[in-house]
Every structure is written in structure tokens, then in C-alpha cells.
Amino acid sequence: MSRRYWLMKTEPGEFSIDDLASRPGQIEPWDGVRNYQARNFMRDDMRIGDGVLIYHSRVEPMAVVGIAEVASEGYPDDTAWNPDCKHYDPKSTQEQPRWFLVDVRFIAKFPHPVTLRTIRHTPGLENMMLVQKGSRLSIQPLRRTEWDIIIKLGIPRKTE
DNA sequence: GCCAACGTTGGC
DNA sequence: GCCAACGTTGGC
């Protein structure tokens, strides 16, 4: 299977791209996801080296703010086993883990964040899951063409 | 901070 | 296995 591309949402008040960039090794387990579809992507479909766009939600401006990559295969999310954790789920056990995650490694921050508004107005991006009405999945697959367009917008090439 | 659109849960 | 009630998400 060739390299795939993903968009992962985060609320920067909880965890931002700057937090990711300042982690040891610039790597972070993407824990706390409690949605089955998103879980399935992490558990079944994501591969080391897949491209990830980091998206900041619930802030002004909402935007894709940089690039990361998938840095592990899926493995159980141990925060689901911790009663003190906000994302604790008593139905997830060591024997039968319900929730999975992948590690994500920082690659680059965009010089020009690509705002939701821009995404809405850019030809070629109209089919992104992000801009479909009612879509709120926190991990979304991207087409290669969409990845390319957003990278170009986020890291404008100097013409000289 | 509001609230519409979703997703999940659990009684029946 | 339906669906009402409840909880959550995330743009505004």
C-alpha cells in the first residue's frame, strides 16, 4: 500500500502543533480519540510514514497549521484504562482494548496556515471531508491531490 | 458560549 | 433492532 494522507484535528487549547513540536523527539501518542470511525483509521489503516495535516479547531482562525507524520502502527490507548483520565472508558480492558492510537511526529509548521475559509474557497478542495456539511470526524482521510494543494498553500514556493 | 448536527446508549 | 434521550463536536 502506498503512502496515505490524513487530517487530524486538535483543539490548540488542549494540544497544539507547538506542543507537538516541543515534545521530546517531537513525537506524541494521539490519545483520547473516542470515536469508532477515527479509531478504525488508527488501528487498521494508518501506516508509519503516512502524511498528516494538523488542524486547529475551535479557535480563530481555524486552520491547517502544519505537517506531521504517522510514527507508529496502531496500539491500545492506555488513557482509556486510567480512571483519573478524562477519556477513561471502563469498557476498555487490557485483554480487549476498545480504543487505539498512533504516535504522531512533527515535521513542519506552515509559514502560512491554511484557514478553513481558504479551504472552502479553493478549487480542488471542495470534496474534502472537512468542508462537508455536518462532518465532524476528528481523523479524516485525504486525497493526494488535496494534500498537495494544501502543502502548496501552506508553504508557498519562492519564485526567485 | 450557543446550539445544530452527530454519535452512542440502553430500555423496550 | 428501533428510537428517544443523552452526550459530544466544532463552526459560528
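Just so we're on the same page: letters track the sequence lines, and every chain starts at 1.
- Note on Arg98(A): only backbone sugar-phosphate atoms sit closer than 4.0 angstrom, heavy atoms only; bases stay farther off.
- DNA chain B is contacted by both Arg136(A) and Arg58(A); Arg58(A) maps to the nucleotide lying nearer its 5′ end (nearest heavy atom per residue).
- In summary, contact between chain A and DNA chain C, defined as any nucleotide atom under 4.0 Å from a heavy atom of the protein, begins and ends at dG7(C) to dC12(C) in the 5' to 3' direction.
- Looking at heavy atoms from C-beta onward, Glu73(A) lies out of side-chain contact with Tyr75(A) at the 4.5 angstrom threshold.
- Between Arg34(A) and Asp77(A) a salt bridge is recorded (basic side-chain N to carboxylate O distance below 4.0 Å).
- In the hydrophobic cluster analysis, where Ile, Leu, Val, Met, Phe, Trp and Tyr join through side-chain heavy atoms closer than 4.5 angstrom, Ile150(A) is grouped together with Ile107(A).
- Five base pairs at each end of the helix from dG1(B)-dC12(C) to dC12(B)-dG1(C) define two local axes, and these are offset by 10° (rounded to 10°).
- With salt bridges taken as basic N to acidic carboxylate O contacts below 4.0 Å, one links Arg144(A) and Asp148(A).
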Between side-chain atoms of residues 82-91 of chain A and protein atoms elsewhere (two or more places apart, or another chain), which donor-acceptor pairs fall under 3.5 Å?
| residue | atom | partner | partner atom | Å |
| --- | --- | --- | --- | --- |
| Asn82(A) | OD1 | Asp84(A) | N | 2.9 |
| Asp89(A) | OD1 | Lys91(A) | N | 2.9 |
| Asp89(A) | OD2 | Trp99(A) | NE1 | 2.8 |

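- With 3.5 Å as the limit, one finds a donor-acceptor pair spanning the side chains of Asp50(A) and Trp6(A).
- Remark: Arg117(A) CZ is loosely packed, at most 12 non-hydrogen atoms of other residues, nucleotides or ligands lying under 6.0 Å away.
- Looking at every heavy atom in both residues, Trp81(A) comes nearest to Ser92(A) through CD1-O, 3.1 Å.
- Looking at heavy-atom distances under 4.0 Å, Arg120(A) makes contact with sugar-phosphate atoms alone, never a base.
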